[in-house]
Trainee: 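Submitted below is the structure of interest, expressed as structure tokens.
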Amino acid sequence: MAKLCAKGKAAAKRKFKVYPSAYANMYASGVCSGKIKPGGRKKKAMGGSMSKGNYTKGCGKVMAGKRKQYKNV
């Protein structure tokens with residue numbers, strides 16, 4: 001069995017609470033082989049925030065000015 005590099009061990013110790021575990025060793029070996037970047041990936045949020053439009057006001061109630069206007073027939 002090959003030894004893990006120091007970079008992989010350090011990354012696994014930062015990521016997992018218990019280092020000598022199967023998951024931590026698998027992560028460390030992935031870092032050592034270059035398959036995993038130690039820092040992970042960060043996803044950007046898609047779309048805008050809900051505070052800009054603010055169409056609803058608690059429990060699904062739509063504010064009067066934002067409600068769709070219907071023509072009475």
Trainee: Side-chain heavy atoms under 4.5 Å apart, restricted to Ile/Leu/Val/Met/Phe/Trp/Tyr: what other residues fall into the cluster of Leu4, or is it alone?
Mentor: Tyr19
Trainee: Determine whether Cys32 and Lys7 make a side-chain contact, defined as any pair of heavy atoms from C-beta on separated by less than 4.5 Å.
Mentor: no
Trainee: Measure the NZ-CZ distance between Lys9 and Arg14 for me, rounded to the nearest 0.5 Å.
Mentor: 14.0 Å
Trainee: Quick check for you: to the nearest 0.5 Å, what is the distance between Ile36 atom CD1 and Lys15 atom NZ?
Mentor: 8.5 Å
Trainee: Test of understanding: with ring-ring contact (aromatic ring centres under 6.0 Å, His included), list the residues that count as partners of Phe16, not counting sequence neighbours.
Mentor: Tyr27
Trainee: Let me confirm one number: the NZ-OG distance from Lys35 to Ser29, rounded to the nearest 0.5 Å.
Mentor: 8.0 Å
Trainee: I need the minimum non-hydrogen distance between Ala24 and Ala12, along with the two atoms involved.
Mentor: O-CB, 3.5 Å
